[in-house]
Amino acid sequence: MESIQAIKQRFGIIGNDPKLNRSIEKAIQVSPTDISVLVTGESGVGKESIPKIIHQLSHRKHGKYIAVNCGAIPEGTIDSELFGHEKGAFTGATNTREGYFEVADGGTIFLDEVGELPLTTQVRLLRVLENGEFIKVGSSKVQKTDVRIVAATNVNMFEAIKKEKFREDLYYRLSTIEIHLPPLRERKEDIHLLFRKFASDFALKYKMPTIKLTDEAVEVLLKNRWNGNIRQLRNAAEQISVLEHTRTISAATLKGYLPSQGDNLPAVIKNSKSDSDFSSEREILYKVLFDMKSDLNDLKKLTMELMKNDNANEVQKKNESLIQKIYRDKEEDDDDDYEETVEDLEVLSIPEKMNQLSEAIDESNDKYYFAEEVEEEETLSLHDKELELIKKSLERHQGKRKLAAAELGISERTLYRKIKQYDL
Ligand SMILES: Nc1ncnc2c1ncn2[C@@H]1O[C@H](COP(=O)(O)OP(=O)(O)O)[C@@H](O)[C@H]1O
Ligand SMILES: [Mg+2]
């Protein structure tokens, strides 16, 4: 059996934390079996390496490995993506299509963000887990497949079960073995190690001398809460590597790249509705931007449908929920239903959308991180927050738009537009 050390090297995993080592050891141990594994841990802790290790060390390694981000696939198409469909199963199904479970026969499927699966899909998944059987959408023929499932989640599955968003039987079926990855703040020894690794990677990438932290800066680094875990740490290292002229980084400089101190205190949990906090103003801005991106993607999808299908009525019927989601006037919506209040739409729906997008974002550049949590106390509107953030950033950079835009994670053009819009 390959040693933990060798595996870490092979999969580019940095760190020596005993809990991390134990998780990798567990992955090695379960790999020769077909046992279902559930990988848990906050966003950005490195969950994606575990299914890769399991697949590569298993007898399935010559079979296919398919990673599916369950939160990123629209509810209307997920069954067809996973299980395939028959010709004519729905409008646009002009051909029979094989789903991932058919394609990955003999291999491994990684179901990332499995908590996002619609309940109907959960029923199909349970069946395939239990006896390897599935049925294409629009078919009545039972098919067989031999797929090993590794799933991952960053949400509290018990909560999801309690809210009847996730089937309890499926949860137990998926989590025969649970592999938990600790948050970065619980792996203090690894923080500086990771930072140095990223600093040297980015120095190489951008052909600049490696940044180095002063002792006080290292202290700041270790005290930070790292809600976005390794993804956030890497982003900070990248930003500093690119933006700082002086290559020795002081505590004060480093702080400029981290959420402010107050936000690093543990979140006060108000009620079950929100188990969390926005850890920084910057995140709020990112969330707004990604929310917009999500709407844009929805619109693109709808436009595609309309282009493919000249019966607008039918498209409207088929995409009713999507249309409602896009066109509902958020300000005027005064429904009292918990899911529907303006506040929730503005705040709580964002992490949901973020989940859907996270894969796309991961892929694009791993640049931002998101806390899965929302602070109830947030009184200022996002609009005000955005304005305030832009002002602060511009002040901090003496009005230099380029630097402010980089800090805010938006393009200079967008910043320029916002300056005009807010009359700054
Ligand atoms: N131990 C580690 N060493 C080096 N890089 C890591 C480590 N863990 C995670 N990463 C990097 O951090 C980023 C986030 O990891 P990822 O697996 O996508 O997190 P998750 O799926 O838990 O949100 C990725 O770019 C990944 O390569
Ligand atoms: Mg992930």
Side-chain angles (χ1 to χ4, degrees), residues 4-28 37-56 65-73 109-117 150-157 178-202 204-205 221 226-239 241 279 283 286 290 351-352 354-373:
I4 297 176
Q5 229 43 43
I7 291 293
K8 282 198 276 197
Q9 195 148 21
R10 186 166 148 197
F11 291 87
I13 299 170
I14 310 292
N16 273 316
D17 179 82
K19 283 194 278 234
L20 173 73
N21 287 342
R22 177 66 193 123
S23 295
I24 295 169
E25 189 185 17
K26 264 177 148 177
I28 299 172
V37 174
L38 182 68
V39 188
T40 59
E42 292 177 14
S43 188
V45 290
K47 294 188 289 299
E48 265 150 67
S49 303
I50 300 292
K52 287 183 189 152
I53 296 174
I54 293 174
H55 177 73
Q56 283 303 327
Y65 172 82
I66 300 182
V68 185
N69 187 324
C70 303
I73 304 175
I109 291 184
F110 170 43
L111 294 175
D112 201 1
E113 300 189 34
V114 72
E116 300 290 317
L117 278 183
V150 181
T153 180
N154 58 12
V155 300
N156 181 339
M157 295 300 275
E178 183 176 329
I179 296 184
H180 179 72
L181 289 175
L184 196 54
R185 77 188 80 86
E186 287 173 20
R187 293 168 53 184
K188 290 260 187 262
E189 305 283 315
D190 289 345
I191 297 178
H192 194 199
L193 200 65
L194 279 156
F195 187 87
R196 284 199 302 260
K197 168 73 169 69
F198 294 140
S200 101
D201 286 352
F202 290 123
L204 213 62
K205 180 171 173 189
L221 193 78
W226 299 115
N227 281 333
N229 294 294
I230 298 168
R231 183 175 291 118
Q232 183 192 9
L233 182 72
R234 212 181 74 167
N235 294 345
E238 183 167 24
Q239 289 184 30
S241 297
S279 70
E283 272 171 73
Y286 290 154
F290 287 123
E352 278 168 31
M354 303 278 301
N355 275 338
Q356 289 175 8
L357 276 165
S358 68
E359 188 176 58
I361 294 154
D362 264 3
E363 264 174 26
S364 66
N365 52 9
D366 252 0
K367 212 161 180 92
Y368 315 113
Y369 77 95
F370 328 97
E372 303 92 308
E373 308 166 352

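Quick note: residue numbers are just sequence positions, from 1. Side chains are part of it too, since the values below use all heavy atoms of this structure and drop only hydrogens, waters and symmetry mates. Note that ligands are numbered from 1 as they come in the structure, with each ligand's atoms numbered from 1 the same way.
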Mark yes when over 12 heavy atoms from residues, nucleotides or ligands other than Gln9 sit less than 6.0 Å from its CD; otherwise mark no. no

May I have the step-by-step check of salt bridge (charged side-chain N to carboxylate O under 4.0 Å, His left out) for Lys47 and Glu113, ending in yes or no? CA-CA 10 Å; Lys47 294 188 289 299; Glu113 300 189 34; over 6 Å; no

Between Asp201 and Lys197, is the salt bridge (charged side-chain N to carboxylate O under 4.0 Å, His left out) condition met? List the steps. CA-CA 6 Å; Asp201 286 352; Lys197 168 73 169 69; 2.7 Å; yes

Geometric N/O contact Ile13 with ligand 1, under 3.5 angstrom: no

Given the options Asp17, Ile191, Val45, Leu184 meets side chain to side chain contact (heavy atoms under 4.5 Å, CB included) only with Ile191

With a sphere of 6.0 Å drawn around CD of Glu178, does it hold more than 12 non-hydrogen atoms of other residues, nucleotides or ligands? yes

Could you tell me if Asn229 and Glu42 have a donor-acceptor pair between their side chains, going purely by distance under 3.5 Å? yes

Lys52 versus Phe11: any side-chain heavy-atom pair under 4.5 Å? yes

Of all the atoms in Glu48, is at least one N, O or S atom closer to the Mg ion (ligand 2) than 2.8 Å? yes

Under 4.0 Å from any heavy atom of Gly12, which atoms of ligand 1 are there? 3 (N), 4 (C)

What part of Leu181 sits under 4.0 Å from ligand 1 if we count only heavy atoms: the side chain, the backbone, both or neither? neither

Regarding ligand 1, does Gly44 bring an N or O atom to under 3.5 Å of one of the ligand's N or O atoms? yes

Can you name the atoms of ligand 1, numbered from 1 with element, that are less than 4.0 Å from a heavy atom of Gly46? 8 (N), 9 (C), 15 (O), 16 (P), 17 (O), 19 (O), 20 (P), 22 (O)

So between Glu42, Arg231, Lys47, Glu48, whose heavy atom ends up nearest atom 14 (C) of ligand 1? Arg231

Those residues at least two apart in sequence (or on a different chain) that pass side-chain hydrogen bond (donor to acceptor under 3.5 Å, both in side chains) with Arg22 are Glu25, Gln29

Atom indices of ligand 1, in the order listed, that fall short of 4.0 Å to a heavy atom of Ile14: 1 (N), 2 (C), 3 (N), 4 (C)

Got an N/O contact under 3.5 Å between Arg234 and ligand 1? yes

contact_flag Ser43 ligand 1 heavy-atom lt 4.0 Å: yes

Can you find an N/O atom of Ile230 closer than 3.5 Å to an N/O atom of ligand 1? no

